Amino acid sequence: VTRVRVLIRPKAGILDPQGQAVERALPALGFEGVANVHVGRLVELDVPDPARVPEMCEALLANPLIEEYSIERPDVDRPHQDAGRMPPGGNQS
Amino acid sequence: VKFGVVRFPGTCDDIDALRAARRVGEASLLWHADHDLSGIDAVIVPGGFSYGDYLRAGAIARFAPVMAEVERFARHGGLVLGICNGFQVLCEAGLLPGALLPNTTLRFVCRQVSLEVVNADTAWTRECAVGERLSIPAKHTTGRYYAPDPVLDELEEGGQVVLRYAAGHNFNGSARDIAGVCNAAGNVVGLMPHPEHAVDPLTGSVDGLKLFLSAARVPVA
C-alpha cells in the first residue's frame, strides 16, 4: 500500500473567488504583498497501485475541464517531510 | 408521456419535479440504485445535494447505477432534463458540455430570475418562443456556468445555448449569461433555475410549466 496525496486546484485562468477572498483578507491582518492566492483541495489515499492514481484523478477526483491536479507520494518523494506526524519512536515507511 | 424523476440520497426537489410533471403527464420516481428506467419516456434529474455534493457537486451521483441507464437512454435520443444539481450531474457525466463553478459571490442565492429563451427547438423548450422571457426561481451556490471560450463559441453557433439570464439577472457570474444548455441533438437539456418551482400561480409564476409541456408534447417513438 502506498500513501498518495492528490492536490487539486482551479485551472489557471479560471476565476477563483475563494482565492481572491483569501488574498483580500491577508493585508487586513498585516500580511502585505501576497499575490496569486488559490484555494484547492487535498485528497489523501492509501492505494495498492499508485500507477492507477492519474486514472482516478481523471475519472473522479478532479474535473479536468476546470481543475488541474498533481500527485505526490510523501513517503517516497520527501521521506522527512512528515517526520512530525509519525507516532513516537515510529520510523516505519 | 411518462416522466421518471431520479432520486439520489440528498436529492430534495424530486417531489416538486414529480408534481410539475404530473400536471402534463404521468410521473414516477426512479431510485439511484435502479438498474432500469421502467419504461419511462422522459427523465428528470432534479435538484438537491446528491451524495452530499461531496468532492464536487454531481461528481459522485454521476456514478450511481441509475445514471448508467440514463446515459444509455440519452445517447439513444431519450429526453433528459437536468435541473440545478441535476444539471451539474449531467455535466459531470459528459452528457452536457461545460461545468458549474461556485457563484462569484461565493454566496447561496435564492431569487426569482428572468430568463430569455435562446433556442426554442429543443425537446424541452418547443412550447416557448425565441426571445420569450420566463420568470423562474433559482437557488444555488454552485451555478456559474463555465466552458472554455472556443467551446462557448461552438455552443452559440450550434444553438446549444438554450436559456440566458436576462440583463441584470446573471447573479452567479455565468459565462455569457448562460443559464441552460443542451447537447448537440437537443434531447438533453440542463439549467440552473428551477422550472418545477414555477408551475402554480400560488408561487407567482407558471412559466416553468412550459418546459414540462414541451417534453409532454414530443411524439413518443
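Naming: A, B, ... by sequence-line order, numbering from 1 per chain. Fair warning: this is a prediction, and the values are worked out from it, not measured in the lab.
With contacts defined as side-chain heavy-atom distances shorter than 4.5 Å, the pair B:Thr11/B:Asn85 does not qualify. Side-chain contact between A:Ile71 and A:Pro54 is present, with heavy atoms from C-beta onward closer than 4.5 Å.
Ranked by heavy-atom pairs shorter than 4.5 Å toward chain B, the options A:Val43, A:Ile8, A:Leu65 are led by A:Leu65.
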Exercise for the section: Report the C-alpha separation of B:His169 and B:Arg164 in whole Å, then their side-chain angles, then the decisive distance to 0.1 Å, and conclude whether the side-chain hydrogen bond (donor to acceptor under 3.5 Å, both in side chains) test is met. Expected result: CA-CA 9 Å; B:His169 289 255; B:Arg164 282 191 213 273; over 6 Å; no

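In this structure, chain A has a heavy atom under 4.5 Å from the side chain of B:Leu106, while its backbone stays farther away. Heavy atoms of A:Gln20 lying under 4.5 Å from chain B are absent altogether.
Ring geometry for B:Phe8 against B:Tyr51 counts as tilted: the plane angle lies between 30° and 60°, on a 0 to 90° scale.
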